[in-house]
Amino acid sequence: MNIFADFSDRVAKAVTALGLRAADGGDLDLSRLTVEPPRDPSHGDLATNAAMVLAKQAGENPRALGEKLAAHLRQDPDVAEASVAGPGFVNLRLGNGFWQARLGEMLDLGRDYGRSRSGAGRKVNVEYVSANPTGPMHVGHCRGAVVGDALANLLAFAGYDVTREYYINDAGAQVDVLGRSVLLRYREALGEDIGTIPEGLYPGDYLVPVGKALAEEYGTKLLEMPEPEALAIAKDKAIGAMMAMIREDLGALNVHHEVFFSERSLHAGNGGTIRSAINDLTLKGHVYRGKLPPPKGQLPEDWEDREQTLFRSTQVGDDIDRPLIKSDGTFTYFAADVAYMKDKYSRGFEHLIYVLGADHGGYVKRLEALARAISDGKLHLTVLLCQLVKLFRNGEPVRMSKRSGEFVTLRDVIDEVGRDPVRFMMLYRKSDAPLDFDFAKVTEQSKDNPVFYVQYASARCHSVFRQAREQLGVREIERPALRASLHRLEDEGEMAVIRKLAEYPRLIESAAQALEPHRLAFYLYDLASQFHAQWNRGSETEQLRFVKVNDPELTYARLGLVQAVCDVVASGLALVGAEAPTEMR
RNA sequence: GGUCCCGUAGCUCAGUAGGAUAGAGCAUCAGAUUCCUAAUCUGAGGGUCGCAGGUUCGAAUCCUGCCGGGAUCACCA
């Protein structure tokens, strides 16, 4: 029930009915025709650019064409008023009956209102977080986690078939370091004095329990076996423990993935999976042995000219060819990516979305190139780069040092400010803009804090219902009763709230298509603002209060509006991943 | 030096796939509480949309060039 799409059709039909033809006698191109809410509400409820878009094609004056269109649209029973303004906009004002009917539909749909089929069940893979399993999650991971999760929620609500995926970087040098760090903690657990943790190993306390667990399980056995064997055992144990910790952290943020994909699994069996993926690329002519040109500008001091196996990514849009096999014969990180993306492609995804931190900007082009090479251009790939989050405490930046192990963990932040503010604030900015996160501001309970402002709208809705039940002396208020009296809604402020609610389906569709979950947060803020405004009009004007004891029918009608606000706020907050509270004390 | 992102009110930011007189919040100023939660609301002031060209009926939005800020840059994952 997207009224803008609905009226887009009605306008198109009106154009057809006018019998307009293109100058060459063919059909008119209606693809640029839009129906939108006008910027300025005083212009009306809907505005279309039809006359301006079609004027040139039809060889007519835009305003004259607009007049014809307006005259035709006036015959629509839902249209109360149609006028031409500015360069040729046709503004429509719709009758109260139309809006009351829309509100009725919202109440029937309840929490499903806004759900869309525009995604048409297309298979989309959203990969996000993918933090290395070498320690707890820190704040830096938080934005991508929330943006990815909210985006996945949004896409699912818009009718896409979404898979949330986490790529575990459990191969390579950093997990060797992890393994060695754990072995040290293991010796410590056996009573050895390990002194200070050597440079190059992970110093964090979170590895202590893993060492203890190894000591309990193996006693001194690991000390007696060959180093590589012991290391392998320590690595397994450590990765398992780190992933358990990460999953717990993610759970605290209300983030849940359906698939955890292990990089190590691609290397299993002597790298057969990766080898075969590279073979596929080779057969398509994308792989060669050669040397990379030195980078332009200043040459790094340790630059070495060497021959290696390269992916000819420049042929599919990249700036430079990318190494697949190192000079010592082992695979690069990117080689595993080739196999991983091939795997995703073979699982039937049409669209791959990667939510990455801004520091991965340099990685985008090679991923795009890879998608083209693997699928011959059939696979869509989008990288969403999230800019950095800067932490502040009372206006002072919070310093973090990863080397010393002194970083603010995700858990710290959630414990301090709560899950909902974290989730909402991470979305209260478009992801390609940097974000300042101030501990003090985010916990503040005032309208300066958008989280509380929106949640308060939800609480206020419930509060109105509590009041209404008490004052009317009824135990339950059923939806059919609300729905039956909607014709009593006539106040302009009430209509404004309905109009805002009516934008919700369109917002879902366009935010999903643009892959911009932040629009959800801004919409919720707007809706809350409309609702609070209407509530307050009741405190100035007695007649406008939601609960009118001497007029139960009108009360039910207004409660219908409150119920719809409550539903949409709850629906939107659920997509954001936050609670819709029933009261705030 | 290459690539990517950003530049909108004093501050923090929106701007819905090119639309009308560019919008919020904070801050400033002026108001509203015998009231369904004032954790709220109403109003005022505040702008060369970084600069210069271009595309067209129409540009904050698209293209080109410059200026400024950030990120990143070759067997690290």
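Just so it is clear: chains get the letters A, B, ... in the order the sequence lines come, proteins before strands, and each one is counted from 1.
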Contact class for A:S510 vs. all strands (heavy atom < 4.0 Å): base, sugar-phosphate, or nothing?
sugar-phosphate
Taking the six-membered ring for Trp, are A:Y363 and A:H360 parallel (under 30°), tilted (30 to 60°) or perpendicular (over 60°)?
perpendicular
Would you call A:D319 and A:R366 a salt bridge, taking side-chain N to carboxylate O under 4.0 Å as the test?
no
Would you kindly give the CE-to-C1' distance between A:M52 and B:A20, to the nearest whole Å?
8 Å
In dot-bracket form, how is RNA chain B paired, counting a Watson-Crick or G-U wobble pair only if both its distances are under 3.5 Å and using | for bases paired to another strand?
(((((((..((((.....[...)))).(((((.......))))).....(((((..]....))))))))))))....
Checking contacts here: which listed nucleotide (B:C36, B:A71, B:U37) is nearest the side-chain heavy atoms of A:M584?
B:U37
So, under a plain 3.5 Å distance rule, would you say the side chain of A:N91 forms a donor-acceptor pair with the base of B:A20?
yes
How close or far is atom P of B:A38 from atom OH of A:Y453, stated in whole angstroms?
13 Å
By the 4.0 Å heavy-atom rule, please label A:R537 as base, sugar-phosphate, or nothing.
nothing
Hey, does A:Q513 reach any base, or is it just sugar-phosphate, or nothing, if we go heavy atoms under 4.0 Å?
base
Taking only the C1' atom of each, what is the distance from B:C13 to B:G2 in whole angstrom?
31 Å
Tell me the interatomic distance from A:R32, atom CZ, to B:C62, atom P, rounded to whole angstroms.
15 Å
So A:Y428 and A:F522, would you call those rings parallel, tilted or perpendicular, with 30° and 60° as cut-offs?
parallel
Span that lies between the C1' atom of B:C6 and that of B:A60, in whole angstrom:
14 Å
Any chance the side chains of A:Q174 and A:Y202 put a donor and an acceptor closer than 3.5 Å?
no
So, is A:R366 close to the B:C73 phosphate, meaning a side-chain N or O under 4.0 Å from OP1 or OP2?
no
Is any side-chain nitrogen or oxygen of A:Q467 closer than 4.0 Å to OP1 or OP2 of B:U37?
yes
Roughly how far apart, to the nearest Å, are B:G7 and B:U12 at atom C1'?
14 Å
Using the P atoms only, state how far B:U37 lies from B:U21, rounded to an integer number of Å.
43 Å
Does the side chain of A:K326 get closer than 4.0 angstrom to OP1 or OP2 of B:A77 through an N or O atom?
yes
When you compare B:G50 with B:U56, how far apart are their P atoms, in angstrom units rounded to a whole number?
23 Å
Identify, between A:G172 and A:E516, the residue whose nearest nucleotide on RNA chain B lies closer to the 5' end.
A:E516
Any side-chain donor-acceptor pair under 3.5 Å between A:R429 and A:H518?
no
State which residue, out of A:V146, A:V451, A:D420, fulfils the side-chain contact (heavy atoms from CB on, under 4.5 Å) condition with A:M425.
A:V451
Please give, in whole Å, the distance from B:U3 P to A:R322 CZ?
13 Å
With the side chain defined as heavy atoms from C-beta on, A:N169 is closest, among B:A77, B:U37, B:C41, to B:A77
Mind checking the C1' distance from B:A22 to B:A38? Whole angstroms is fine.
32 Å
P gap between B:C36 and B:G18, integer Å:
48 Å
Could you check how far CD of A:E540 sits from P of B:A38, rounded to whole Å?
12 Å
Does any pair with a residue in residues 515-535 of chain A pass salt bridge (charged side-chain N to carboxylate O under 4.0 Å, His left out), and if so which ones, sequence neighbours excluded?
A:K500-A:D526, A:E516-A:R519
Nearest heavy atom decides the nucleotide; on that basis, is A:A533 or A:V464 closer to the 5' end of RNA chain B?
A:V464
Would you call A:E553-A:K548 a salt bridge at under 4.0 Å N-O?
no
For nucleotides 9-14 of chain B, give me one character per nucleotide, 5' to 3': B if any protein heavy atom sits under 4.0 Å from the base, S if the only such contacts are to the sugar-phosphate, - if neither.
---SSS
Any donor-acceptor pair under 3.5 Å joining the side chain of A:D359 to the base of B:U72?
no
Please work out which of the three classes, parallel, tilted or perpendicular, describes the rings of A:F331 and A:H267, given edges at 30° and 60°.
tilted
Does a side-chain heavy-atom distance below 4.5 Å link A:W535 with A:F546?
yes
If you measure from the C1' atom in B:C73 to the same atom in B:G10, how many Å do you get, rounded?
38 Å
Give me the one residue out of A:L515, A:L520, A:V576 that meets side-chain contact (heavy atoms from CB on, under 4.5 Å) with A:L154.
A:L520
All pairs passing salt bridge (charged side-chain N to carboxylate O under 4.0 Å, His left out) where residues 320-338 of chain A contributes a residue, at least two apart
A:D318-A:R322
Separation of B:A77 P from A:H141 NE2 (nearest whole Å)
17 Å
Categorize A:A85 for me: base, sugar-phosphate, or nothing, with a 4.0 angstrom heavy-atom threshold over every strand shown.
base
Before accepting this row, confirm whether a basic side-chain N of the pair A:K291/A:E307 lies closer than 4.0 Å to the acidic partner's carboxylate O.
no
Atom CG of A:L524 and atom C1' of B:G25: how far apart are they, to the nearest Å?
16 Å
Would you mind telling me which of B:A20, B:A24, B:C36 lies closest to the side-chain atoms of A:Y525?
B:A24
Classify A:A171 by what it touches in the nucleic acid, base, sugar-phosphate, or nothing, heavy-atom distance under 4.0 Å.
sugar-phosphate
Within the side chain of A:R372, is there an N or O that forms a donor-acceptor pair under 3.5 Å with the backbone of A:V316?
yes
Which whole-number value in Å describes the distance from A:L527 CG to B:G25 P?
16 Å
Mark yes or no for whether A:Y523, through its side chain, and A:I508, through its backbone, hold a donor-acceptor pair below 3.5 Å.
no
Residues in contact with RNA chain B, drawn from residues 548-558 of chain A - heavy-atom cutoff 4.0 Å
none
Output one line per pair: protein atom, nucleotide atom from nucleotides 43-47 of chain B, and distance, for all N/O pairs under 3.5 Å.
none

Between A:F157 and A:Y504, what is the ring plane arrangement, given parallel below 30°, perpendicular above 60°, and tilted in between?
tilted
Let's see if you can work this out: which of B:U37, B:A77, B:A20 has an atom nearest to the side-chain heavy atoms of A:P38?
B:A20
For A:S116 and A:E509, does a side-chain donor sit closer than 3.5 Å to a side-chain acceptor?
yes
Of the listed B:A77, B:C36, B:A39, the closest approach to the A:R545 side chain comes from B:C36
Can you tell me which nucleotide in B:A20, B:C36, B:C5 comes closest to the side chain of A:V547?
B:C36
